[in-house]
Amino acid sequence: MKDTVLAAEVVPYQVSLNIKTWAEEDRPREKLLLKGKAALSDAELIAILIGSGTAKLTAVDVAKLILSAVGNDLNELARLTVKDLMKHKGIGEAKAITIVSALDLGRRRKETAAVAKTCITCSTDIYNYIKPQLLDLPHEEFWIILLNRANVVMKKESISSGGVAGTVADPKIIFKKALEQLASSVILVHNHPSGNLKPSAADISLTKKMKEAGQFLDLPILDHIIFTDTDYYSFADEGML
């Protein structure tokens with residue numbers, strides 16, 4: 001009789017270690033689908049990577065033990081090697097490789113983001129930054145560069161593409177995109193395939209209109225660059241803004 005009671009007590013305990021018996025909203029994968037990745041703890045995200053636990057520990061339990069061993073510091077976890085991770089019960093080579101790979105992807109993403117941050121300090125910075133998009137084009141294109149309060153580029157975007165003689169830039173579209181990105185300032189850029197640096201009457205009129213609208217919206221136009229393959233014209237440098 002005593003053995004029967006013990007068996008009855010042990011079975012529920014063993015079953016509870018299986019994540020599949022958890023409520024759907026508590027299982028890491030289902031929780032991510034239902035509530036989004038931000039709702040998951042670090043341990044739950046790692047549990048998704050390793051997939052399964054041991055006979056006595058769920059994947060989440062294993063993940064918690066790994067995190068505990070590094071003081072719950074993801075930076076310390078990222079320093080562990082495959083062999084270091086394999087010292088934990090439930091972590092074989094394949095699971096260790098998965099964790100190392102995922103953490104290194106995160107590191108590479110941060111490095112890419114750091115490289116991508118460009119600070120605009122002068123007209124030459126603008127020219128060099130937009131050069132890959134406008135160099136050697138046989139037609140005109142109009143681009144905007146959106147900056148934050150520190151003059152760091154948030155985004156660059158093509159507004160229009162036209163013929164050899166010109167292209168249309170709609171101020172409403174330009175300011176709509178700037179407001180959507182919560183930009184603090186805007187830089188206008190368009191190219192002259194002919195190589196002529198002199199602004200046209202239309203260029204001057206558009207710049208004036210954009211400057212006035214920007215002042216009203218508290219979205220200043222910092223510069224308007226006319227780009228050619230060998231040089232550029234800056235409205236700001238020439239006192240035209």
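This chain uses plain numbering: 1 for the first residue, then up along the sequence.
Residues I174 and F216 share a hydrophobic cluster, clusters being chains of Ile/Leu/Val/Met/Phe/Trp/Tyr side chains in contact below 4.5 Å. Tracing side-chain contacts under 4.5 Å through hydrophobic residues (I, L, V, M, F, W, Y), one never reaches L32 starting from L103; they form parts of separate clusters. The hydrophobic clustering, which links ILVMFWY residues whose side-chain heavy atoms are closer than 4.5 Å, places L45 and L49 apart. With hydrophobic clusters built from ILVMFWY side chains whose heavy atoms lie under 4.5 angstrom apart, L137 shares a cluster with Y129. Grouping the Ile, Leu, Val, Met, Phe, Trp and Tyr side chains by contacts below 4.5 angstrom, directly or via other members, places I204 with I144.
Side-chain contact between I225 and I145: absent, with no pair of heavy atoms (C-beta onward) separated by less than 4.5 Å. T121 is not listed as a side-chain neighbour of N151, based on a closest heavy-atom distance of 4.5 Å or more. Between Y232 and T124, the closest side-chain pair of non-hydrogen atoms falls below 4.5 Å. The closest side-chain heavy-atom distance from R29 to L33 is not below 4.5 Å. The shortest distance between side-chain heavy atoms of S161 and H139 falls below 4.5 Å. Taking 4.5 Å as the limit, some side-chain heavy atom of L206 sits within range of a side-chain heavy atom of F142. Inter-residue side-chain proximity for I91 and V62 is flagged as met; some heavy-atom pair is nearer than 4.5 Å. Residues V186 and L146 are in side-chain contact: their nearest non-hydrogen atoms beyond the backbone lie under 4.5 Å apart.
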*In sequence, state the C-alpha distance, the side-chain angles, and the governing distance for T207 and I221, and then conclude on side chain to side chain contact (heavy atoms under 4.5 Å, CB included).*
CA-CA 8 Å; T207 305; I221 304 300; 5.6 Å; no

_D84 vs T81, side chain to side chain contact (heavy atoms under 4.5 Å, CB included): CA-CA, chis, key distance, verdict_ = CA-CA 5 Å; D84 291 333; T81 65; 3.1 Å; yes

*Could you check K172 against K176 for side chain to side chain contact (heavy atoms under 4.5 Å, CB included), going step by step and ending with a plain yes or no?*
CA-CA 6 Å; K172 293 191 294 295; K176 179 177 182 291; over 6 Å; no

*Show the numbers, then the answer: is there a side chain to side chain contact (heavy atoms under 4.5 Å, CB included) between L147 and M154?*
CA-CA 5 Å; L147 308 179; M154 299 172 67; 5.7 Å; no

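Side chain of N191 to backbone of E141: a donor-acceptor contact under 3.5 angstrom is found. No side-chain donor-acceptor contact under 3.5 Å links S205 to the backbone of A201. K131 contributes no side-chain N or O that, together with a main-chain N or O of F227, makes up a donor-acceptor pair within less than 3.5 Å. With D223 contributing its side chain and A236 its backbone, the two residues share a donor-acceptor pair below 3.5 Å. Between the D229 side chain and the D136 main chain, a donor and an acceptor come within less than 3.5 Å of each other.
Donor-acceptor pairing under 3.5 Å is recorded for the side chains of S200 and D203.
Summarising the geometry, atom CG belonging to L40 is positioned 5.0 Å from atom CD1 belonging to I48; distances are rounded to the nearest 0.5 Å. Atom OG of S123 sits about 9.5 Å away from atom CG of N128, to the nearest 0.5 Å. Considering SG of C122 and CG of D237, their distance stands at 8.0 Å, rounded to 0.5 Å. Here the CD1 atom belonging to I126 is positioned 10.5 Å from the NE2 atom belonging to H224, to the nearest 0.5 angstrom. Between I120 atom CD1 and L222 atom CG the span is 9.5 Å, to the nearest 0.5 Å. Separation of atoms CD1 (I50) and OG1 (T98) is listed at 9.5 Å; rounding is to 0.5 Å.
With salt bridges taken as basic N to acidic carboxylate O contacts below 4.0 Å, none links D61 and K64. Ion pairing between a basic and an acidic side chain is recognised when a charged N comes within 4.0 Å of a carboxylate O; E76 and R79 show such pairing.
Minimum interatomic distance between A47 and A63 (heavy atoms only, all atoms of both residues): N-CB, 4.0 Å. Residue M86 comes nearest to A96 through the heavy atom pair CG-CB, 3.9 Å, listed as atom of the first residue, atom of the second, then distance. In terms of heavy-atom proximity, T228 sits nearest to N196 at CG2-O, 4.2 Å. Across all non-hydrogen atoms, the minimal contact from A39 to E44 is O-OE1, 4.1 Å. Pairing each heavy atom of P193 with each of E140, the nearest pair is CD-CG, 3.4 Å. Heavy atoms only, all atoms of each residue included: V100 and L80 are closest at CG2-O, 4.0 Å.
Annotation for K208: atom NZ does not count as buried by contact number, only 12 or fewer foreign heavy atoms lying within 6.0 Å. Remark: D218 CG is loosely packed, at most 12 non-hydrogen atoms of other residues, nucleotides or ligands lying under 6.0 Å away.
In summary, the aromatic rings of F235 and Y233 are positioned with their centroids under 6.0 Å apart.
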